[in-house]
Undergrad: 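Handing you a structure now.
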Amino acid sequence: MAKRVPQFWLIKSEPNDYSIDDLARDGREPWDGVRNYSARNLMRDKMAVGDLVLFYHSSTKPVGVVGIARVASEAYADPTQFDTRSKYFDPKSTADKPRWQLVDMEFVEKLPRMVELDEIKADPAFDGMVLVTRGRLSVQPVERSHFAQILRLGGSKTKVRAR
DNA sequence: GCCAACGTTGGC
DNA sequence: GCCAACGTTGGC
């Protein structure tokens with residue numbers, strides 16, 4: 001089998017809901033509640049264990065990248081879609097044909113310094129980044145160079161694997 | 001398969 | 001709280 005090139009991602013979370021500190025405490029967390037087909041497809045088809053992920057805080061002040069996570073599992077059915085008491089319950093989803101998939105995320109690092117959206121927008125190094133152009137996706141791909149630049153600005157100690 | 005209506009996201 | 005952008009739904 002051909003060796004896969006590592007890929008890079010960004011996930012959003014409202015810190016009131018689930019923050020980087022929550023992930024630091026939990027260590028590992030099923031990334032449930034994603035109810036957007038393109039986001040699901042990325043998790044199901046494109047992510048692989050070991051891929052690095054930027055952790056972004058949305059709907060807060062200020063917004064921006066606050067940490068690094070790592071994909072820690074293959075995709076599997078999101079259990080919240082079957083839970084009638086969950087706000088993520090989906091009546092159209094069945095055990096045979098689950099509609100929503102997720103992966104587990106594992107804590108890697110909280111950035112020494114948050115990288116704010118303002119900075120990202122202002123820096124030409126980030127031209128073309130999905131976060132800037134089609135910002136609403138809650139799971140999105142990140143180019144290697146953009147990922148590396150975030151790590152630099154955030155003072156990260158995380159090492160990006162060589163190709 | 002089009003597209004209008006509607007719902008959600010998320011920055012400001 | 002506003003509203004623009006965008007995704008989803010459903011009638012035709």
Side-chain angles (χ1 to χ4, degrees), chain A residues 7-26 29-47 51-71 75-105 107-143 145-156:
Chain A
Q7 295 190 49
F8 302 93
W9 309 97
L10 177 144
I11 56 175
K12 293 183 183 175
S13 188
E14 302 191 9
N16 287 338
D17 203 36
Y18 196 82
S19 73
I20 189 68
D21 294 319
D22 293 327
L23 186 62
R25 180 200 61 215
D26 296 340
E29 180 73 5
W31 206 246
D32 61 21
V34 173
R35 295 293 180 269
N36 170 287
Y37 290 107
S38 31
R40 176 205 66 186
N41 293 347
L42 290 172
M43 288 198 290
R44 185 189 60 194
D45 305 332
K46 303 292 184 188
M47 281 186 179
D51 281 356
L52 292 173
V53 182
L54 301 174
F55 196 104
Y56 178 94
H57 278 176
S58 66
S59 298
T60 184
K61 222 174 145 182
V63 294
V65 178
V66 291
I68 311 295
R70 186 188 296 116
V71 176
Y76 60 97
D78 181 341
T80 64
Q81 69 197 306
F82 307 123
D83 179 357
T84 51
R85 288 155 309 176
S86 169
K87 65 170 172 171
Y88 300 121
F89 175 67
D90 184 344
K92 292 182 181 157
S93 197
T94 63
D96 300 5
K97 288 200 150 194
R99 181 180 282 210
W100 304 109
Q101 305 265 119
L102 55 69
V103 299
D104 289 351
M105 290 292 172
F107 179 75
V108 174
E109 175 188 31
K110 184 173 178 176
L111 289 177
R113 185 185 155 276
M114 177 181 192
V115 181
E116 295 182 24
L117 180 59
D118 280 350
E119 278 181 89
I120 294 172
K121 283 182 172 168
D123 187 340
F126 293 111
D127 282 0
M129 190 180 187
V130 175
L131 186 65
V132 177
T133 58
R134 275 178 28 245
R136 282 178 159 72
L137 251 191
S138 63
V139 174
Q140 48 184 268
V142 175
E143 285 173 33
S145 66
H146 294 158
F147 194 94
Q149 178 70 355
I150 295 278
L151 295 190
R152 205 171 299 130
L153 294 174
S156 170

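Per chain, numbering begins at 1; letters A, B, ... match sequence-line order.
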Undergrad: Of Leu137(A) and Lys92(A), whose closest DNA chain C nucleotide lies nearer the 5' terminus?
TA: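 The answer here is Leu137(A).
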Undergrad: Taking only residues two or more places apart in sequence or in another chain, which ones pass salt bridge (charged side-chain N to carboxylate O under 4.0 Å, His left out) with Asp51(A)?
TA: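 Partners of Asp51(A) by the salt bridge (charged side-chain N to carboxylate O under 4.0 Å, His left out) criterion, ordered by chain and then number, come out as Arg4(A).
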Undergrad: Taking any atom under 4.0 angstrom from a heavy atom of chain A, which nucleotides of DNA chain B are the first and last to qualify, 5' to 3'?
TA: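 It runs dT9(B) to dC12(B).
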Undergrad: Among residues 34-42 of chain A, which ones have heavy-atom contacts with DNA chain C below 4.0 Å?
TA: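 Going residue by residue through residues 34-42 of chain A, the ones with a heavy atom under 4.0 Å of DNA chain C turn out to be Asn36(A), Tyr37(A).
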Undergrad: At 4.0 Å (heavy atoms only), tell me whether Lys121(A) reaches a base, stays on the sugar-phosphate, or touches nothing.
TA: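 Lys121(A): backbone/sugar contact only, no base atoms under 4.0 Å.
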Undergrad: Give me the ring orientation class for Phe55(A) and Tyr18(A): parallel if the planes are under 30° apart, tilted from 30 to 60°, perpendicular past 60°.
TA: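 Rings of Phe55(A) and Tyr18(A): tilted, as their planes differ by 30° to 60°.
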Undergrad: Using the ring-ring contact (aromatic ring centres under 6.0 Å, His included) rule, take Tyr37(A) and Trp100(A) through it: C-alpha gap first, then chi angles, then the decisive distance, then the call.
TA: CA-CA 8 Å; Tyr37(A) 290 107; Trp100(A) 304 109; 4.8 Å; yes
Undergrad: Can you pull the salt bridge (charged side-chain N to carboxylate O under 4.0 Å, His left out) pairs that have at least one residue in residues 119-129 of chain A, sequence neighbours excluded?
TA: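 Output for this query lists Arg113(A)-Glu119(A).
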Undergrad: Please tell me if the side chains of Pro62(A) and Asp118(A) come closer than 4.5 Å, counting only heavy atoms from C-beta onward.
TA: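 When only atoms from C-beta onward are counted, Asp118(A) and Pro62(A) do not touch, as no gap falls below 4.5 Å.
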Undergrad: Partners of Phe8(A) by ring pair (Phe, Tyr, Trp, His ring centres under 6.0 Å), sequence neighbours excluded?
TA: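 For Phe8(A), the residues satisfying ring pair (Phe, Tyr, Trp, His ring centres under 6.0 Å) (neighbours in sequence not counted) are Phe147(A).
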Undergrad: Does Asp83(A) have any salt bridge (charged side-chain N to carboxylate O under 4.0 Å, His left out) partners at least two apart in sequence or in another chain, and if so, which?
TA: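 So Asp83(A) forms a salt bridge (charged side-chain N to carboxylate O under 4.0 Å, His left out) with Arg85(A).
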Undergrad: Using a 4.5 Å cut-off on heavy atoms from C-beta on, say whether the side chain of Leu10(A) contacts that of His146(A).
TA: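 Side-chain contact under 4.5 Å: no.
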